[in-house]
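Please read the structure below before turning to the comments.
Below, chain A is the first sequence line, B the second, and so on; all start at residue 1. Bear in mind that the values here come from a model prediction, so they are computed numbers and not experimental data.
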Amino acid sequence: MGMTNVYLLATAATEGSDDLLSKLGIDGWTLLFQTIAFLILVFVLGKWVYPVFVGIIDKREADIAASAKAADEAKKAADSASEEVASLLAEARQQASEIVATAKTEANAAVAAAEDKAKAKSAAIIAAARDDIDKEIADVRKTLHNDVIDLVTAATEVVVGDVVAKKDIDTALIKKAVQGAAK
Amino acid sequence: MARRLSRRALAGYAAQQLLDGKTAVLQQLAAYLIEVRRTKEVDLLVRDIEHALAASGVVVADIASAREVTATLRTAIVAYITKATSADDVQVRSRIDTSLVGGVRIRTPDAEYDATVRRQLIKLQAMKV
Amino acid sequence: MTNLSVTELSRDLRDAIAQLETSEGLESVGIVTRVGDGVAWVHGLYSAGYSEVLEIESDNGTVEAFALNLNEDEIGAVLLGNDSDVKAGARVSLKGETLSVPVGPELLGRVVDPLGRPLDGGPVIKTKHRGLVEREAVGVMGRKSVHEPLMTGIMSIDAMFPIGRGQRELIIGDRQTGKTAIAIDTMINQAKQKTGVVNVYVAIGQKLSKIARLVDRLKEEGVMDQTIIVATGPSDPASLLYLAPYAGTAMGEYFRDNSEHALIIYDDLTKHAVAYRQMSLLLRRPPGREAYPGDVFYLHSRLLERSAKLSDDLGAGSLTALPIIETQAGDISAYIPTNVISITDGQIFLETDLFYQGIRPAISAGLSVSRVGGAAQTKAVKSVGGNLKLGLSQFRELASFAQFGSDLDDATKSQIDRGRRLTELLKQAQYQPMGIWEQYVSIHAVTSGLFDTVDPERVKDAQTALLTKLWSDHKTEMRTLNKGDKPSDDVLALIDAAITSVAKGFEG
């Protein structure tokens, strides 16, 4: 029925406009079919093609907006990071200078200690040398002491032996000893 | 096996027997020492007997000198020993030892008085360092 | 420098000859019947007393001996000299006194034998006083409880097993575990901290080369001036080894009885017991357990009881003893070690395993103890010592879990790390004793947690940096802290700030 109406409309239109269209040089039936083709095209595009394109464009727009936002945030983060780096650097410099100062103090202390040790060592060497000399002198003294005693003993034995050989002296010696013990 | 008799116990017994006039104890002791193979201890046993006798008032003393001692001196020495040891009886044995050089050495069972020149020389030697 | 003065020598000889006297009458004499192995058997001398000195004549002068066996028929006398000089038939007389040694400040700086004869080549020592080698210990009422610290300078000992003046603390361990090193560091610390404590080091049967090295080291450290060394080598007669600790004690008692403080080290009593065993067997005394005579306990107990803190009435002096005992294969339940452990007031046990792990001093915190404890500790070290002990005991419990590494919870890991830091901290090089302030600061740095960020393997470096920093920046405060009192809040804040600052440089 619809198609009959369309045919009838088309026939009426054709009959009515035959004159105008023929004067314009346009074929009515071509125009009709082209119009229908156009409408079909618009329908097809509108249903399947334009949404895809629009979707792509919308997505692209959203991506761009997101990128722009991310770029903003990254910029902010970069700014705060560089502030933090600056403060860390300052702190590290401070610590480094303290460590260097401590190391210097340690080094000075080590040098001073080494100097003191060297001085003490040299004093000890000198003292040890003096001790060695003292010991040698003491040894010589000891040997001399013993040798003198040996000589005195030997000499006494001979000399006293001859002297005491005289009977009276020996008797007197014994008498004195006994009297001394009896007291 | 019989318990080993100490020298002091033997000496004490022998001294008591000798003081009682029983001189046979010496032969018995000699036989005992041979029996128990202790003959090497004879000298020490004699000393112990003399010590035991000294404890009972009988002192046996040795006198050594470089030369013969006069009778007067001998008497003086005996008197000294009697006083020093509180002895009732002093028996003296004399000996000449020229190595003593001079002076006298008196020995009792457990004591000695050395007043010889030799002793002085030994003391001098002891001063070596 | 000594001069060789012939005039002086001549005068000495003349004086000696003038003093030659004849004896005053009959004197008790005996004769040597036989001699050998350092023992002379003497007949006669019926009035000789126990431990009385006898003089035996020989061709090379007089040899002294002392009577130890008073038998019915003869006396067994232990020779104090060479037995080759003594012949059978030699004349023996009584000296009339028991054994004594020269004592007094004249001995300081000298190396002597147990009879006081010099071994260092120096002149004969002439003292004003003599002390008895065998002497009774002070009675109960003459003593006071130990309350003054004797700082060894070794952090693990001063913090966990503190020693007080008048205490007897045994140092026990296998050979080559650092026993003598602890004793030497303690002596060095007395000089470094200027405590005024006199050292007496008794070497019993020690190698003479070791004694010579010790003397050199003490001279280098400036300690020798306040030290007496009584030395006997392995080739000396057993009688001298036996007498050495008693002679050393007599020398130490002089200072104790004159209101001063002395420290005596017996290195080592194991050799002393062996020498006494040798003497007793040669004297035919019946052998007991391990062939030691029955009175081997008494040998050491009468020696160690003479080390004491005296009461104020007797001058408040003290004699602190550090006896050393060598064990075999870590067996502290052997005869002599158990004897001495039961006599002393605590022990420091050194383990071979710890030594070879690099933990030196190789002190076993689990087996060591000081029975005097906190009473002999400075307040400063006492305040940090408790946490130290706790940290280490917790670490010991968890030590077996340490191998599991990442499988443990954080709390356990932190305890293990703390324990590792403490173990590392307690390592200490030889001849470097530490003062009170150094010990306090070091222990506080770890136990307070301020060193928790420090890599455990760098703890020693951090400690060195911390001590250097504090000494250079706050010397006055550290000197005050070194007196022993707890630091004030201000000083504590300074210390904490320094620790925090140093810790950053050693983070792991």
**Residue pairs, two or more places apart or on separate chains, that pass ring-ring contact (aromatic ring centres under 6.0 Å, His included) and touch residues 10-43 of chain B** = none
**Complete:** All heavy atoms of A:A177 vs all of B:Y113, minimum pair found to be O-OH, 2.7 Å
**Message:** So for A:E157, is it side chain, backbone, both, or neither that comes closer than 4.5 Å to the heavy atoms of chain B?
**Reply:** both
**Item:** Interface residues of residues 73-107 of chain B facing chain A - heavy atom cut-off under 4.5 Å
**Value:** B:L73, B:A76, B:I77, B:Y80, B:K83, B:V101, B:G102, B:G103, B:V104
**Item:** Atom pair CD/OG1 of B:Q120 and A:T153 - distance to nearest 0.5 Å
**Value:** 11.5 Å
**Complete:** Okay, A:D150 and chain B: the region with an atom under 4.5 Å from a heavy atom over there is both
**Message:** Rounded at 0.5 Å granularity, tell me how far CZ in B:R67 sits from CD1 in A:I174.
**Reply:** 8.5 Å
**Whether over 12 other heavy atoms sit under 6.0 Å from A:K175 NZ** = no
